[in-house]
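Protein chains get the first letters and strands the later ones, always in sequence-line order, with residue 1 at the start of each.
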2 protein chains.
Amino acid sequence: MTQTVKLRETAPDAEAQDIRAAMRAIGAAARGAARALADASAETKNRALLAAARLLRERAGEILAANARDLEAGRAKGLTPAIIDRLALDPKRVEAIARGLEVVAALPDPVGKVLATFERPNGLTIERVSTPLGVVGVIYESRPNVTADAAALCLKAGDAVVLRGGSDSFQSSAAIHACLVAGLKEAGLPEAAISRVPFVSREAVGEMLEGLGGALDVIVPRGGKSLVARVQREARVPVFAHLEGIVHVYVDRAADLDKAITLLINSKMRRTGICGAAETLLVDRAAAPTMLAPLVKALLAKGCAVRGDEATRAVDPRVTAASEEDWRTEYLDAIISAKVVDGLDAAIEHIETYGSHHTDSIVTEDRAAAEKFLAKVDSAIVLHNASTQFADGGEFGFGAEIGIATGRMHARGPVGAEQLCTFKYRVRGDGQTRA
Amino acid sequence: MTQTVKLRETAPDAEAQDIRAAMRAIGAAARGAARALADASAETKNRALLAAARLLRERAGEILAANARDLEAGRAKGLTPAIIDRLALDPKRVEAIARGLEVVAALPDPVGKVLATFERPNGLTIERVSTPLGVVGVIYESRPNVTADAAALCLKAGDAVVLRGGSDSFQSSAAIHACLVAGLKEAGLPEAAISRVPFVSREAVGEMLEGLGGALDVIVPRGGKSLVARVQREARVPVFAHLEGIVHVYVDRAADLDKAITLLINSKMRRTGICGAAETLLVDRAAAPTMLAPLVKALLAKGCAVRGDEATRAVDPRVTAASEEDWRTEYLDAIISAKVVDGLDAAIEHIETYGSHHTDSIVTEDRAAAEKFLAKVDSAIVLHNASTQFADGGEFGFGAEIGIATGRMHARGPVGAEQLCTFKYRVRGDGQTRA
């Protein structure tokens, strides 16, 4: 294992063998650390998190220097300004990372919670108790803070983590990782509990998708759509992810117009590049005569391009024609598609047809309509009279999130420490046998 | 689609194309039915279950006649007596199947339960609510009752199910399935909610393992180890399963000897062919001088062969030598492996090394030892002073089970209606926007 950055698309066989062996060794070490972590008390895990936060502050200079090296290499490589922005750290961002560790330390411990108890007629007591999930693999791109955020949540849940960051943030992630490992050592926890892949060969990702010889229980991809698509397609272990957020705001006939405008603008424009940003506006045909024009003009006034159906185009000449493809498009930009639909049922049908089961909202003062929408729209997060940009683990009170999942198994919506746990059954008897 | 039984290993390309198209159509219909089911009330689902139970009784004669055809074909094919026994129905077994549907109907509805509520400082109310999982694929072998048991649990959970039974029970399963479908019709639910693959080509299984074009959310294999192994190896969708139950009984130094003998005999010998049957006896070295001989002699007296380490062989000349392989073997027969271990920690280490994370038990009057065992043994079910044969959804009070899972994701241990659900977040606001 070496700290040298390698970025070959294909490796000679001998090197591929080395990488496989190195990755399997990382997996085995993480698996061993997971056993030790499963026994660790909440206090011990929190001590490691708080020590790491302290060390991040103490070593902020080193971290920023490492980040400067990444930025220099990135600029030389011609990375886009957007990627450079995601990559860049400053004292405020380092402080936010340290603070994030403290927030996770302050969360209730998710391990050992009695989730259900069954008293059986034969006197057996059966408890369903939360336990760590095991080993989590995280594959991410340029944001160096993911190193600390993902590791902290996994540690809180008693899970070991194998972190594979992108090449662009290689030095920054290594410097942050060093603080996390030093925190583990201070708390007497095994260093392999937070393992980092110390090279960036593509084969390393392939090995993780294969599960590191059975060591990984789940993989979380953090990054662009092509990364997530590859992980979803190729992973041989479960994946917590969302491919995209085709997020809808439906303005019902019983909507309060001012509220609808405020919610729409916040849902679309607060930040356009996040998965909870609205991408499609649906307006009830019964509301269109009074509400469509003000909604569309508010979007245009905020600098949002609108692609609409015929009714929407009639509102303002700046609205361009939406194609079939627009209803399936996650813009992640100041663009929205807009359409008039024949009431609540048609809105639900549109969302089920074109949506991505991520986050969808209804604006209405009609409680029955709201409840129907909340019940029938089959998305991880459904909202009534609230901005879609609340689709976030922090906003849900989870302290942090390792990602948002649109799959239906195990975790759905923001994935926090609780969903990074599994459970087992503890059965206590006094000699009971089965008849 | 045809009712003709085909059992070719490989099919001509044209036929494979037909099967793929037919299987995709079944998947798409089940997916559509799942949407309708998600809206169905508990009463409607229960009405379908109770109608099916009534029809099973009314049509018992037809079902037994269909079963007689299966048995005749099976005997002609030279099926083993064990398979013939699993396949055979009689009026009592048909009544048990009908009764099972009524038990499931009487269970609390698992859908729409508020699993957690978060009140946020900004006034948002966030609820985690249980929802149906979607479409469940069940691949099973010769037991015709699985047709009804699996379908009932899925229907209770609001899931559509695609049932692919084995060729041996083809006619019996078809007759039972007809009752289930008639029950759906009586309740006004779509027939595709309980879909049965109407042919037995191997390619049909392959299509299910591929997920029927995205239609299946999870697959549950019910049958022998080779079936489960194939499903675990090849499935491209999540699987609820256990490959084997290498189940341990650890007799601690503080065990009550009489209790230990009773629990060991029940754990091993009540039924030897089920996954919760004990396969290995571990005896604390400190208990061995007084307990090993009575435990081993009790097993031998019940007709159980014992394969032991040196200490166990010294107890009785009928004990044969255990090989390394024995510690990893699920006998599913009147055979047990037995070993003396250096106390609790060594027992835990042995179980973690050789076990299958299914079900393991400790016999002790020492509460601290018991709690340590329950905490540290990383199995789906851990028991204190209770028979391992309680590893069963019915015994847990789940009414029934679709299987027992040893995976760590979503479901673990007996899988009942509750684990056949997922959840979503319902967020209710009054115009809240994100800062």
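Checking side-chain atoms of B:T422 against main-chain N and O of A:R408 turns up a donor-acceptor pair under 3.5 Å. Counting only distance, with no hydrogens or angles, the side chain of A:R236 and the backbone of B:R233 share a donor-acceptor pair below 3.5 Å.
Contacts between residues 367-375 of chain B and chain A, counted as heavy-atom pairs separated by less than 4.5 Å, involve B:E371, B:L374, B:A375. Using non-hydrogen atoms only and a strict 4.5 Å limit, the part of residues 265-273 of chain A facing chain B consists of A:N266, A:R270.
Among the candidates B:P238, B:G134, B:G413, B:P121, the residue making the largest number of heavy-atom pairs closer than 4.5 Å to chain A is B:P238. Chain A forms the most heavy-atom pairs under 4.5 Å with one residue out of B:D217, B:L115, B:N122, and that residue is B:D217.
Scanning both residues, A:S387 and B:T433, for their nearest heavy atoms gives CB-CA, 3.9 Å. Scanning both residues, B:V377 and A:K424, for their nearest heavy atoms gives O-NZ, 2.7 Å. Taking both residues in full, the closest heavy atoms of A:Y425 and B:Q419 are given as OH-OE1, 3.8 Å, listed atom of the first, atom of the second, then distance.
Only the side chain of B:E418 comes within less than 4.5 Å of a heavy atom of chain A; its backbone N, CA, C and O stay farther away. Heavy-atom distances place the backbone of B:A411, and not its side chain, under 4.5 Å from chain A.
Residues B:F396 and A:R128 are not in side-chain contact: their nearest non-hydrogen atoms beyond the backbone lie 4.5 Å or more apart.
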